[in-house]
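Here's the structure, in structure tokens; my notes come after.
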Amino acid sequence: MIIRPRRLRVTAAMRNFVRETRVSPSMLVYPLFVREGNGIVEEIESLPGQYRYSPDTLPRALEKVAAAGISAVLLFGIPAKKDELGSSAWAEDGVVQQALIEGKRRFPDLIYITDVCLCEYTSHGHCGAIRDSYVDNDATLPLIAKTALSHVQAGADIVAPSDMMDGRVGAIRAELEQQGFFNTAILSYAVKYASAFYGPFREAAGSEPSFGDRRSYQMDPHNRREALREMALDIDEGADLVMVKPGLPYLDVLCQVADQSSVPVGSYCVSGEYAMIKAAAQRGWLNEAAAVCEAAAGIFRAGAEFLITYHACELASWMKEGRL
Ligand code: PBG
């Protein structure tokens, strides 16, 4: 007798019925760049179709996100002034803080996640405080905790530290509890590799390090077990959700983290992954919708419960059309 798995693939109804991975727009998170100023909507050269907004124009983007049925946005700030320690990151009237107040007022049902890091705010572009040309892990922790607290005070629902300092999740958790914020979730960029695929983001945010690189604090792409250790430490310190970043080059890691994590796991399909598909699609070398849907299916199949992607709005409509 010939065994025929093919029988389950003959009709679309049958394929849908036996699908192992099912998705919905509620699993998507849309990253947004907010820069200081007024009336700004400027396209990001390295990310065609993505824009920098000022806090007053941001609601135009939020409206589309809400209409698409996407659950959450992830906010990145681009300040007017950078300094050695990145002090605009925790300013009460900082750009992310303003964006949160405006966003929550206009679209209160969206989930507001904020990226907590210093690299967009420091003059040297590193994610922490510098001592003797090194990033000083422990001197950075209180600055990260202070930044997270100020986001929460401005209305953030989830804070997402991306700086990769050891102990930051614990430092943020302690600071929030001390100030009485017991209901804020922490989404840790627990497994974040030192990746070339962040290139377009750094252009968008002006956060390229002025010397050296981020390899002393971000992870080595050659390591898989280290990911499990980073995940376990962050969960121990109080992370409510974790992510693996970037997406496609790290599906093996995502799969294992998703198997072993006791909290929800997400994947961040980063700027370079978006730019790659966009560039090929613009030349007619790839079918954008088909490629993005296939990539997203791979990420969900590997075990992600949520996906952060610059393609979130398009993906939501492709999902509704049944393309994914
Ligand atoms: C901040 C941060 C970065 C990204 C997210 N948070 C840049 C970096 O680590 O250099 C990258 C996101 C993307 O490429 O889309 N530390």
Side-chain angles (χ1 to χ4, degrees), residues 28-35 44-52 72-79 82 86 88-89 95-96 113-122 124-130 135 137 140 143-144 147-148 151 156 158-166 168-169 172 186-221 230 242-250 266-279 292 295 299 306-312 315:
L28 300 173
V29 179
Y30 186 50
L32 278 164
F33 296 92
V34 205
R35 62 167 288 183
I44 300 165
E45 213 177 311
S46 55
L47 294 171
Q50 303 302 314
Y51 299 83
R52 296 185 197 90
V73 291
L74 170 60
L75 300 179
F76 293 95
I78 306 170
K82 305 192 186 218
S88 304
V95 64
V96 167
I113 310 175
T114 58
D115 182 85
V116 176
C117 194
L118 300 179
C119 63
E120 299 101 316
Y121 301 89
T122 51
H124 43 75
H126 275 290
C127 302
I130 301 292
V135 172
N137 189 96
T140 302
L143 309 180
I144 292 291
T147 302
H151 289 176
I158 302 178
V159 286
S162 68
D163 55 291
M164 287 302 277
M165 297 304 125
D166 293 335
R168 74 218 197 272
V169 173
I172 292 172
I186 299 176
L187 159 59
S188 178
Y189 284 74
V191 181
K192 177 173 172 178
Y193 286 91
S195 172
F197 291 100
Y198 307 152
F201 173 97
R202 291 182 190 166
E203 193 191 310
S207 63
E208 187 68 31
S210 60
F211 64 91
D213 54 43
R214 303 206 204 291
R215 284 184 295 179
S216 72
Y217 42 102
Q218 298 183 351
M219 289 172 55
D220 182 340
E230 291 278 4
V242 294
M243 73 165 91
V244 176
K245 175 187 170 193
L248 290 184
Y250 299 93
S267 165
Y268 193 157
C269 213
V270 300
S271 58
E273 299 179 75
Y274 174 88
M276 248 182 342
I277 291 183
K278 266 289 187 228
V292 171
I299 288 170
F306 59 94
L307 171 61
I308 306 168
T309 170
Y310 300 93
H311 269 116
L315 257 177

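Whatever order the structure lists them in is the order used to number ligands and atoms, beginning at 1.
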Look at [atom] and say which protein heavy atom is nearest, naming residue and atom and giving the distance to 0.1 Å.
atom: atom 6 (N) of ligand 1; result: Asp115 OD1, 3.3 Å
atom: atom 15 (O) of ligand 1; result: Tyr310 OH, 2.6 Å
atom: atom 11 (C) of ligand 1; result: Lys245 NZ, 3.0 Å

query = Quick one: do the Thr140 and Arg168 side chains pair a donor with an acceptor below 3.5 Å?
reply =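 Arg168 and Thr140 do not have a side-chain donor-acceptor pair below 3.5 Å.
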ask   = Do the side-chain N and O atoms of Gln50 and Tyr30 include a donor-acceptor pair separated by under 3.5 angstrom?
value = yes
ask   = Who passes ring pair (Phe, Tyr, Trp, His ring centres under 6.0 Å) against Tyr250, sequence neighbours left out?
value = Tyr193
Element-labelled atoms of ligand 1 that are located less than 4.0 Å from some non-hydrogen atom of [X]:
X: Cys119; result: 1 (C), 16 (N)
X: Ser162; result: 1 (C), 2 (C), 6 (N), 16 (N)
X: Phe76; result: 5 (C), 6 (N)

inquiry  = Ala279: which residues meet the side-chain contact (heavy atoms from CB on, under 4.5 Å) condition with it, sequence neighbours left out?
reply    =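 Expected list: Arg283.
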Lys NZ or Arg CZ of Lys245 over Tyr198 ring: under 6.0 Å, within 45° =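 Lys245 over Tyr198 ring: yes.
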Candidate with minimal heavy-atom separation from atom 2 (C) of ligand 1, of Glu120, Glu203, Lys192 =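 Of the listed residues, Lys192 has the closest heavy atom.
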ask   = So which bit of Ser271 gets within less than 4.0 Å of ligand 1, heavy atoms only: side chain, backbone, both or neither?
value = both
